[in-house]
Protein chains: 2
Amino acid sequence: MSANSRLTIAAHALAWIGLYQRQGHEVATSEQIATSANTNPVVIRRLLGELRRAGLVESRRGVGAGWSLARELGSMTLLDVYEAVEPGPLFAMHRTTPDQGCVVGYGIQPAMQGIYEGIEETLRHELARVTLENVLRDVLAAPR
Amino acid sequence: MSANSRLTIAAHALAWIGLYQRQGHEVATSEQIATSANTNPVVIRRLLGELRRAGLVESRRGVGAGWSLARELGSMTLLDVYEAVEPGPLFAMHRTTPDQGCVVGYGIQPAMQGIYEGIEETLRHELARVTLENVLRDVLAAPR
DNA sequence: CACAGTCGTAACAGAGAAGGTTGCAATAGC
DNA sequence: GCTATTGCAACCTTCTCTGTTACGACTGTG
């Protein structure tokens with residue numbers, strides 16, 4: 001499916017900011033987060049920009065600028081993050097319209113649409129069960 | 001996520017073959033299926049080749065060659081098809097190893113791994129609930 | 001008020017996946 | 001032998017994701 005790492009990196013960033021704030025810091029910079037995630041600060045800023053549009057984080061500009069959580073980690077779920085960074089559907093339909101003169105070509109898209117909707121609903125439900133607080137707890141629970 | 005249409009096209013092909021066989025035909029050609037799905041026969045052959053490796057269809061060569069179901073539609077689920085055409089995981093980890101000297105960088109991958117495994121298990125369970133018989137029924141149930 | 005640090009964003013490049021297309025050898029019924 | 005079809009390799013185009021550079025915008029500090 002050519003899965004991407006956007007949800008993973010976004011969760012990483014949120015957990016990082018959350019932990020950093022608990023250590024008494026006000027804001028985290030994209031530079032710091034990028035170092036932890038071993039990527040480029042612009043990648044982090046792009047992702048956090050999407051999370052800001054979704055109301056999960058806030059950013060401050062100027063000297064002493066950076067990112068902070070807009071809500072408690074416990075009130076954010078992976079579904080919130082997923083919807084912020086993954087706009088499209090999980091499964092795609094045909095790239096071109098199937099043959100409408102064929103019974104299967106005619107009925108396949110509505111049929112799969114209905115099936116996919118149910119599956120995506122279940123996926124969303126599962127994502128909603130995991131809060132970022134859960135993620136941070138699991139992160140800190142890693143052995144050694 | 002840059003979703004692809006492989007599961008959709010594979011389900012389309014199986015439903016087409018199944019219906020065609022119920023109409024008294026022995027085998028279906030990639031040409032016929034490609035016409036219904038409005039794509040190229042080679043695309044169909046590639047996909048059906050993966051389904052054959054998974055034991056879902058059989059192919060015959062030579063004159064009067066083509067594809068037939070290896071099992072009843074009612075005994076095949078979308079999970080069988082999904083596993084045949086989608087090898088990788090749903091969500092990817094970081095492309096490069098995160099900073100192992102950082103608490104979050106160290107713990108994030110095991111944490112997300114565990115979470116993703118649970119979610120993918122649920123997804124698989126959902127896919128397993130839908131048989132290709134269900135798909136064909138829904139296809140034929142499309143209005144007009 | 002200048003400076004410095006950081007965000008915001010555009011622009012581009014590289015890698016990889018998906019899908020489409022062509023070509024041709026292999027197969028098997030007639 | 002002829003013909004229809006699969007099997008498969010090779011190549012191309014398009015698209016997404018990620019990384020990178022560059023630079024303007026913003027704002028606290030001295």
Side-chain angles (χ1 to χ4, degrees), chain A residues 1-10 12-13 17 20 25-35 37-53 57-68 70 85-98, chain B residues 1-10 12-13 17 20 25-35 37-53 57-68 70 82 84-98:
Chain A
M1 183 88 79
S2 97
N4 64 45
S5 60
R6 299 165 66 82
L7 183 59
T8 303
I9 304 292
H12 185 146
I17 298 171
Y20 197 58
H25 304 275
E26 288 241 337
V27 298
T29 69
S30 60
E31 177 76 35
Q32 294 171 313
I33 302 168
T35 298
N38 193 12
T39 183
N40 192 292
V42 176
V43 173
I44 299 297
R45 288 206 288 271
R46 277 200 290 238
L47 267 176
L48 287 180
E50 295 174 40
L51 298 186
R52 181 187 44 213
R53 255 167 262 135
V57 299
E58 289 165 350
S59 66
R60 197 184 299 175
R61 305 179 69 167
V63 170
W67 302 82
S68 54
V85 303
E86 295 288 352
L90 198 52
F91 302 108
M93 285 296 146
H94 309 63
R95 300 175 68 160
T96 56
T97 310
Chain B
M1 182 88 83
S2 99
N4 65 43
S5 61
R6 299 166 66 82
L7 184 59
T8 303
I9 303 292
H12 185 146
I17 299 171
Y20 197 59
H25 304 275
E26 288 240 337
V27 297
T29 69
S30 60
E31 176 75 36
Q32 295 171 311
I33 302 168
T35 297
N38 193 12
T39 181
N40 192 291
V42 176
V43 174
I44 299 297
R45 290 205 286 271
R46 277 201 291 239
L47 267 176
L48 287 179
E50 295 173 42
L51 297 186
R52 182 185 47 212
R53 256 167 261 135
V57 299
E58 289 165 350
S59 66
R60 197 185 296 178
R61 306 179 68 167
V63 169
W67 303 83
S68 53
Y82 178 80
V85 303
E86 295 286 354
L90 199 52
F91 302 108
M93 284 297 146
H94 309 62
R95 300 177 66 160
T96 57
T97 310

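Keep in mind the model is a prediction, meaning the values are calculated, not measured. Lettering follows sequence order; numbering is per chain, from 1.
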Just the atom pairs and distances: protein N or O near nucleotides 16-19 of chain C's N or O, under 3.5 Å.
| from | atom 1 | to | atom 2 | distance (Å) |
| --- | --- | --- | --- | --- |
| C:dA18 | OP1 | A:M1 | N | 3.3 |
| C:dA18 | OP1 | B:N4 | ND2 | 3.2 |
| C:dG19 | OP1 | B:S5 | N | 2.9 |
| C:dG19 | OP1 | B:S5 | OG | 2.5 |
| C:dG19 | O4' | A:R95 | NH1 | 2.5 |

So which protein N/O to nucleotides 25-29 of chain C N/O distances come out below 3.5 Å?
| from | atom 1 | to | atom 2 | distance (Å) |
| --- | --- | --- | --- | --- |
| C:dA26 | N3 | B:R61 | NH2 | 3.3 |
| C:dT27 | O2 | B:G62 | N | 3.1 |

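Here C:dC7 presents its C1' atom at 13 Å from CD1 of A:I17, a figure rounded to the nearest Å. Taking atom CG of residue B:N40 and atom P of nucleotide C:dG23, one finds them 12 Å apart after rounding to whole Å. The CZ-P distance, from A:R45 to C:dA10, rounds to 13 Å in whole Å.
In this view, A:N38 and B:T96 satisfy the side-chain contact (heavy atoms from CB on, under 4.5 Å) rule, not counting sequence neighbours. Considering only residues two or more places apart in sequence or on other chains, B:Y20 meets the ring pair (Phe, Tyr, Trp, His ring centres under 6.0 Å) condition with B:W16, B:H25. Contacts of A:R60 classified as salt bridge (charged side-chain N to carboxylate O under 4.0 Å, His left out), with partners at least two apart in sequence or in another chain: A:E26. Partners of B:R45 by side chain to side chain donor-acceptor pair (under 3.5 Å), not counting sequence neighbours, listed by chain and number: B:S30. By the side chain to side chain donor-acceptor pair (under 3.5 Å) test, B:T35 pairs with no residue at all, sequence neighbours left out. Judged as a salt bridge (charged side-chain N to carboxylate O under 4.0 Å, His left out), and not counting sequence neighbours, the contacts of A:E50 are A:R6. In this structure, A:T97 has no side chain to side chain donor-acceptor pair (under 3.5 Å) partners at least two apart in sequence or on a different chain. Taking B:S2 as the reference, A:S2 meet the side chain to side chain donor-acceptor pair (under 3.5 Å) condition, with sequence neighbours excluded. By the side-chain contact (heavy atoms from CB on, under 4.5 Å) test, A:R61 pairs with no residue at all, sequence neighbours left out.
First and last contacting nucleotides of DNA chain D toward chain A (any atom under 4.0 angstrom from a heavy atom, 5' to 3' order): D:dC17 to D:dG28.
The residue among B:W67 and B:T96 whose nearest nucleotide of DNA chain D is located toward the 5' end is B:W67.
In this structure, B:R46 CZ and B:L51 CG are separated by 14.0 Å, a value rounded to the nearest 0.5 Å.
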